[in-house]
Amino acid sequence: MIVEVIVDVSAYPIDRPFDYIVPEELETLVERGSRVHVPFGNRKVQGFITDVKEQTDLDISKLKEIHSIIDVEPVVTEELLQLSKWLTNKTLCYEIDALQVMLPAALRASYKKNIKLIDPSALDEAFLALFYKKEVISYDVIEKSGLLRQMKKYLIDGSVHLETVIKQQAKAKTILKYHVTADKEFILEQLKSLTKQAVKQKELIEWLLDQEQTSFTMNELMDLAKANNSSVKALVDKNILEKRNAEIYREITTLDHQEKDQRFQLTDEQISALTNINHSQNHAENTTFLLHGITGSGKTEIYLNAIENSILKGKQAIMLVPEISLTPQMTRRFKLRFGDQVAVMHSGLSIGEKYDEWRKIWRGEVKVVVGARSAIFAPFKDLGVIILDEEHESTYKQEDNPRYHARDVAIWRSEFHKCPVILGSATPSLESYARASKGVYSLLKLKMRAKEQALPTVNVVDMRAELKNGNRSMFSVDLADAVREKLEKKEQIVLFLNKRGFSSFVLCRDCGTVVECKQCDISLTYHRAGEQLKCHYCGHEEPVPSKCPECESEHIRFFGTGTQKVEEEIAKLFPFARVLRMDVDTTKTKGSHERILKQFGDGDADILLGTQMIAKGLDFPNITLVGVLNADTTLHLADFRAAEKTFQLMTQVSGRAGRHDKEGQVYIQTYTPEHYAIELSKSQLYEPFYQKEMLVRKQYGYPPFYYLTLVQVTHENVMVASEYAKLATNWLRVNLSSETLVIGPTACAISKIQNRYRYQCLIKYKKEPLLIEKLQQLIKIYRTEWMKKGIILTIDLDPSTIL
DNA sequence: CAGTCCGTTATT
DNA sequence: ATAACGGACTGT
């Protein structure tokens, strides 16, 4: 028996299946989708069986045998195997990367190099000493000792061997349990033969005989039976108890027990939307629905109902949220409704926790997964519905290989399972809305807020006028008044600082120098904590200089607005307000999001001040004022989605106000009040924005009128980078059809990151059937010729940003 | 001619 | 990706 194996080596010539012989004793165990360990070259690597066959085109004597099988049950289902092929082709990645991305990190191998002692007599003393009494030592030990050179010699003459050990990144957690295995008579006999002093043992045996349960943890025995370590041990010695390891799951969610699941009376709109979805589910149609519901229109309740319907039919559901650790309320609602039928998957979990949640899905112990992007690969066997909440969010697009979009994967899986997809948003991506308008997706609308609250009133404040009137603070007069009023009423306020593409930098007031990162073409960001300057691209850190590095002037200070600075200003303006700050600095530790949100929800603060991360999911009844301090910073990014992103953000943020019975107010401060993205967010109407933005997209040839593919070329040397970018661009121009626009090469907006100069080429096309094929050819040229020159070329189909 | 450096080559 | 191989160069 022969198996085809995709080996865990990401390199161009290895990106194909390799044949291996299956040793007879393993023949009954091999299955497509199982992981194996195989010899590869002179090392041992992990791989995936992608096919099982009897014949091979190769000379059978050249084939090696599989070393071992890791999974008795395949970890990649038949469906996901097919999906991995599609992903490989669609995102132009290595097949192994497509396979790995579908599994939790715990199942990925990590490799360790060891040196094994073969002939001690051949080694010199210093080298031999490294081994001490061991036969195998880590390669690192030798590296640290500086005897690598020696080792090479010994490797060649065979006195030591190099071996690779494959390690798993996490294991199932186990707990030691004590089982009553002996029969009653035996136990009674033992009880009789106890000596008089063995009071504790006697008590324990009697207690055990009273129990229905037959297995206990040491803690249970100590707490419930008041046993102690030595008496338990004695019973183990007497064969009354037996020690066994039992697999347990790591506990992750902490539900408040007082909380109750709330079911809401559905509105007519909700019922109508749900009827459509359920119809599609019941008739096994793979319809993609775009659920366009304004903020507070009760989309989540529809998701819950659709999933319920799916569970009733014995099927499973995937619920994707943009970044779940930011929306604990969402998870909680699902847990409340579906209890332990829910698995949770997000970046806040440890490798082991993710592994446990994944196994619950894989074993069919849960029916629903609520999770971030990667949860789209949940190994469910019979999906009833797939939901993407806030479908316009760019977090659904993975920014490194494989560069997939969860929406595309969702639609692929829905075709496989013949089940509907629901894309939900108050501000759909233009692509999705356009598809819905064309009838490719089925559009469902929720125009009313579920509890019939009025939408908040939105005021746009022109900050230029404020400046003219001599107000140089970050708060306009209007916003400051509103804040004061709400503080008096004891209502809550959310202040939003739009930080994307804009942050505090350090500037010399004499010569105008801005302190920049030495490795990247980007100014350093000022961080109050520790008076540090940090580069947000490469992570470089340095202390704030006391003198200008250029002119040595001492008039150097930070500019721009960070949350810390706003916090100080709030303290000045509203000295009695209690402020909670939520940004990268205050949410570093695990669970800090939840903690801050809970504090705010409990009313422990009057003002929640934060960045992008507070735009989503906040749902507290007492929030009646939302202030956007600087709306236009996202607007001036050199990205075709800048207006869309701004409008979405403004709408999302505004939606945080007045979600319950109290009326909400929103103030948007901006220097460009006339821009349509700002102007139209006043009315909070999506449709007019969509129409206007579509005109712009059409005029400049951007999605959804054209598809985009972004090709980036980087190199340490500017000239080389530019030269090869030109080569790539010209090659594409020659090889792609004449209607396709190949733009560039141009220097990237951030022209240098980590000392590598960056150039890019943008491909715009409406129809290009040969695109993938041509790009594969370009990749081949790159990998066989350009790579050795230090060029890095990346291709991003449907990029989420072209910055 | 042994030792070292570095680009080439094959991986089932 | 990675380790082994082989050719060129260095120093004895």
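Chain letters run A, B, ... following the sequence lines, proteins first, then strands; residues in each count from 1.
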Can a donor-acceptor pair be found, under 3.5 Å and without considering hydrogens, that links the side chain of A:His417 to the backbone of A:Leu383?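 Side chain of A:His417 to backbone of A:Leu383, a donor-acceptor pair under 3.5 Å: yes, one is there.
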Look only at the side chain of A:Arg373 and the backbone of A:Thr395, and say whether a donor-acceptor pair between them is shorter than 3.5 Å.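 Checked: pair present.
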Measure the shortest side-chain to side-chain distance between A:Tyr355 and A:Lys173 over non-hydrogen atoms and say whether it is less than 4.5 angstrom.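 The answer is no; the side chains never approach within 4.5 Å.
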Answer yes or no: is there a side-chain heavy-atom contact under 4.5 Å between A:Arg250 and A:Leu349?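 With C-beta onward as the side chain, the pair stays apart.
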How long is the line joining [atom1] of [X] and [atom2] of [N], in whole Å?
{"X": "A:Glu785", "N": "B:dT8", "atom1": "CD", "atom2": "C1'", "value": "15 Å"}
{"X": "A:His161", "N": "C:dA4", "atom1": "NE2", "atom2": "C1'", "value": "14 Å"}
{"X": "A:Asp8", "N": "C:dT2", "atom1": "CG", "atom2": "C1'", "value": "13 Å"}
{"X": "A:Asp15", "N": "B:dA10", "atom1": "CG", "atom2": "P", "value": "19 Å"}
{"X": "A:Tyr12", "N": "C:dA1", "atom1": "OH", "atom2": "C1'", "value": "16 Å"}
{"X": "A:Ile6", "N": "C:dA1", "atom1": "CD1", "atom2": "C1'", "value": "15 Å"}
{"X": "A:Ile96", "N": "B:dT11", "atom1": "CD1", "atom2": "P", "value": "19 Å"}
{"X": "A:Asn114", "N": "C:dT2", "atom1": "CG", "atom2": "C1'", "value": "17 Å"}

Categorize A:Lys152 for me: base, sugar-phosphate, or nothing, with a 4.0 angstrom heavy-atom threshold over every strand shown.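 Contact class for A:Lys152: none.
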Under 4.0 Å, counting only non-hydrogen atoms across every strand here, what does A:Pro17 touch: a base, just sugar-phosphate, or nothing?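 The answer is nothing, as A:Pro17 stays clear of every strand by at least 4.0 Å.
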Ignoring hydrogens and angles, are the base of B:dT12 and the side chain of A:Arg16 linked by a donor-acceptor pair under 3.5 Å?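 Per atom types, the contact qualifies.
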How close do A:Ile386 and A:Ser414 get, heavy atom to heavy atom, and via which atoms?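 Looks like CD1-N, 4.1 Å.
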Determine, for A:Asp19 against A:Lys53, whether the closest basic-nitrogen to carboxylate-oxygen distance falls under 4.0 angstrom.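 Counted as a salt bridge, because a side-chain N and a carboxylate O are separated by less than 4.0 Å.
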Would you call A:Lys774-A:Glu768 a salt bridge at under 4.0 Å N-O?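 Salt bridge: no.
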Pick the nucleotide of DNA chain C nearest each of A:Met787 and A:Leu155; which residue has the one closer to the 5' end?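 By nearest-heavy-atom nucleotide position, the 5'-most residue is A:Met787.
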Quick check: on DNA chain B, is the nucleotide nearest A:Lys788 upstream (toward 5') of the one nearest A:Lys153, or the reverse? Name the residue that is more 5'.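 Closer to the 5' end of DNA chain B: A:Lys153.
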A:Phe18, nearest nucleotide to its side chain (from B:dT12, C:dA3, C:dA1):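 Shortest atom-to-atom distance from the side chain points to B:dT12.
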Out of C:dA1, C:dA4, B:dT12, whichever nucleotide has its closest atom nearest the side chain of A:Tyr20: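 So the side chain of A:Tyr20 is nearest to B:dT12.
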Selection: residues 37-66 of chain A, any non-hydrogen atom under 4.0 Å of DNA chain C: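 Those residues are A:Asn42, A:Arg43.
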